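Worksheet: the structure to be examined is printed underneath.
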Amino acid sequence: RKGFLVRKHILDSGGRRTRKGRRSWRRVYCVLKDLSLAMHKDDSVAAVAAASPDAELRVHHSLAGPAPEYTKRRHVWRLRLASGAELLLQAASQADADAWVEAVNRA
Ligand code: I3P
């Protein structure tokens, strides 16, 4: 599964709160393949094919789900990694968010 999401880091590995200055929302192009979720900062999909990802998350033993307590943006889902890190990810629609959650949990 591939597509644009808007990402916010809320916890770093070990479950520590992501510090101020690193908590802003950023649009990333995401590619989920096997057990890896690659995130590219570049908006150009052509560039994405060539460039190495900005972040490559291992989604093994991760948990994706809804984020109902986060009400500032719509279609936001949560990704908890095995490391204890946690991200919020905003999709284009609720159907898109649901599809991402399912894809990550199936990986
Ligand atoms: C963060 C940025 C985020 C905001 C976050 C800020 O600042 O403004 O948009 O989250 O608030 O800390 P920075 O870019 O300096 O990291 P929201 O959009 O969810 O309000 P938070 O610390 O309450 O998460």
Side-chain angles (χ1 to χ4, degrees):
R1 184 170 180 83
K2 302 172 185 186
F4 286 101
L5 292 169
V6 194
R7 173 191 75 191
K8 178 187 179 184
H9 291 288
I10 54 173
L11 298 178
D12 294 340
S13 57
R16 284 177 298 273
R17 187 178 200 273
T18 301
R19 69 167 193 272
K20 182 83 186 145
R22 304 194 57 174
R23 300 179 62 83
S24 48
W25 288 94
R26 180 174 188 128
R27 188 169 184 259
V28 286
Y29 187 76
C30 297
V31 181
L32 177 66
K33 191 165 182 279
D34 303 324
L35 289 172
S36 154
L37 178 60
M39 295 186 172
H40 305 264
K41 282 180 186 167
D42 201 309
D43 273 7
S44 148
V45 177
V48 161
S52 58
D54 149 56
E56 192 141 13
L57 309 178
R58 270 183 61 78
V59 296
H60 191 51
H61 290 143
S62 70
L63 186 64
E69 69 296 330
Y70 190 85
T71 54
K72 292 183 190 174
R73 290 180 179 230
R74 304 174 70 195
H75 318 315
V76 172
W77 56 284
R78 170 191 311 280
L79 177 60
R80 282 198 186 113
L81 302 177
S83 67
E86 197 168 312
L87 304 88
L88 296 178
L89 294 155
Q90 182 183 29
S93 65
Q94 195 52 50
D96 188 41
D98 293 345
W100 275 105
V101 166
E102 200 191 314
V104 168
N105 288 334
R106 220 191 308 115

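Here the structure is a predicted model, which is why all the values come from computation and not from measurement. We count ligands from 1, going down the list as the structure has it; atoms in each ligand are counted the same way.
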(message) Is there a continuous path of hydrophobic side-chain contacts, each under 4.5 Å between heavy atoms, that joins Val104 to Leu5?
(response) yes

(request) State plainly whether one hydrophobic cluster holds both Leu88 and Leu57, where clusters connect Ile, Leu, Val, Met, Phe, Trp and Tyr through side-chain heavy atoms under 4.5 angstrom apart. (result) no

(request) Output the set of protein residues with a heavy-atom contact under 4.0 Å to ligand 1, ordered first by chain identifier and then by residue number. (result) Lys8, Arg17, Lys20, Gly21, Arg22, Arg23, Ser24, Trp25, Tyr70, Lys72

(message) If the condition is side chain to side chain contact (heavy atoms under 4.5 Å, CB included), which residues does Arg7 pass it with, not counting sequence neighbours?
(response) His9, Arg26, Val28, Met39, Lys41, Asp54, Ala55, Leu87, Leu89

(request) Taking side chain to side chain contact (heavy atoms under 4.5 Å, CB included) as the test, write out the residues that go with Thr71, two or more places apart. (result) none

(request) Following the transitive rule for hydrophobic clusters with a side-chain heavy-atom cut-off under 4.5 Å over Ile, Leu, Val, Met, Phe, Trp and Tyr, establish whether Ile10 and Tyr70 coincide in one cluster. (result) yes

(message) Arg58: which residues meet the salt bridge (Lys or Arg N to Asp or Glu O under 4.0 Å) condition with it, sequence neighbours left out?
(response) none

